[in-house]
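Worksheet: the structure to be examined is printed underneath.
Residue numbers begin at 1 in each chain, while the letters A, B, ... track the order of the sequences.
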Number of protein chains: 2
Amino acid sequence: MGRGKIEIKKIENTSNRAVTYAKRKAGIFKKAKEIAILCDVKVSLIIVSGSGKMDAMCSPDNSLSTICEEYHKHSKEKLWPAKHENLHNEIEMVKKENENMVIELRHLNGQDINLNHYELIPIEEALENGLISVRARKAS
Amino acid sequence: MGRGKIEIKKIENTSNRAVTYAKRKAGIFKKAKEIAILCDVKVSLIIVSGSGKMDAMCSPDNSLSTICEEYHKHSKEKLWPAKHENLHNEIEMVKKENENMVIELRHLNGQDINLNHYELIPIEEALENGLISVRARKAS
DNA sequence: TTCGCTATCTATAATAG
DNA sequence: TCTATTATAGATAGCGA
């Protein structure tokens, strides 16, 4: 559509590419709004340019969030696996630390029945040292 | 574009609406692919029809997930508030527990210099009790 | 619903300022 | 870089099968 037809491949000339981008972006956003209204459908459109600028739209009375939820209903692909994975991993790590400390505290309370004589020695020492420190501080 | 121009408002006739939807959907997906290639940009397009069917596309070498991540970099709106919120809350809770145990362990090691006399008493007792238990176990 | 057709409308490539 | 212009390519509304 224009003075000549163009091949669909990356426009190498930077300024031509920028001009075409501006025009086509306006065009596609217009189309997206039109189809949303004419056909009463939910539309989400996000474009991120090479320079990192983003434009997004979605159909009236919707949010991208809503539309992403719809996406999840229909697709196996999860939109945020990485993010969730990371959060899950973080939880696991902190829980692991937690567990270790629970065990240590139990030991210091003399609550673990499965320890043998040799395992009890460092615990006894820790308690003795702790007691010394605490008494020293109380006295000061 | 067509035998007559149409006003941009919902097409009430159901079959006309369906036909227009099919045509325009094809058109907009084509445009989306073209701009992605021509201008080397990331595009995500999701359309959910009234009857609940969904179509989605995104630019080559990208995933919707990637593009959603980009969206998050640029927008205040979170696309998946609930899920993330829950995970964050869980992390906070576990971290809080963690912190409490770290403090308790420090106290039992006599490491906290900001405690007063009265705060030290229960710690001393805990240590004494722990020591009694551990020694009892060692002896058994 | 889904083609095919085509007159028309729209988007836009090329260009100039 | 934007903006405006315009000739053309492309999209599509209305119809018919």
Task: Atom pair distance, as rounded to whole Å: CD in A:Glu34 and C1' in C:dA11 - done: 11 Å
Task: Point-to-point distance, once rounded to the nearest 0.5 Å, from CD1 of A:Ile46 to CD1 of A:Ile67 - done: 9.0 Å
Open item on the list: In whole Å, I'd like the distance from the CZ atom of B:Phe29 to the C1' atom of D:dG10.
Closed with: 19 Å
Open item on the list: If hydrophobic clusters are built from ILVMFWY residues whose side chains come within less than 4.5 Å, do B:Val134 and B:Leu127 share one?
Closed with: yes
Open item on the list: Using whole Å, what does the distance between atom C1' of nucleotide D:dG10 and atom NZ of B:Lys33 come to?
Closed with: 16 Å
Task: A:Asp61-A:Ser59 side chain donor-acceptor pair, cut-off 3.5 Å - done: no
TODO: Return the minimal non-hydrogen interatomic distance between B:Asn109 and A:Ser133, and the atom names on each side.
DONE: O-OG, 3.8 Å
Task: Gap between atom CG of B:Leu38 and atom CD1 of A:Ile6 - 0.5 Å precision - done: 4.5 Å
- [ ] Using atom CD of B:Glu7 as one end and atom P of C:dC9 as the other, report the distance to the nearest whole Å.
- [x] 16 Å
Task: Whole angstrom value for the distance that separates P of C:dT1 from CG of B:Asn13 - done: 12 Å
TODO: Would you mind building the protein contact string for nucleotides 12-17 of chain D? One character per nucleotide, 5' to 3', B for base within reach (heavy atoms under 4.0 Å), S for sugar-phosphate only, - for untouched.
DONE: BBB---
TODO: Determine yes or no for a side-chain-to-main-chain donor-acceptor pair under 3.5 angstrom, with B:Glu124 supplying the side chain and B:Ile121 the backbone.
DONE: no
Open item on the list: My understanding is that a pair needs two contacts under 3.5 Å, Watson-Crick or G-U wobble. By that rule, which nucleotide pairs with D:dT1?
Closed with: none
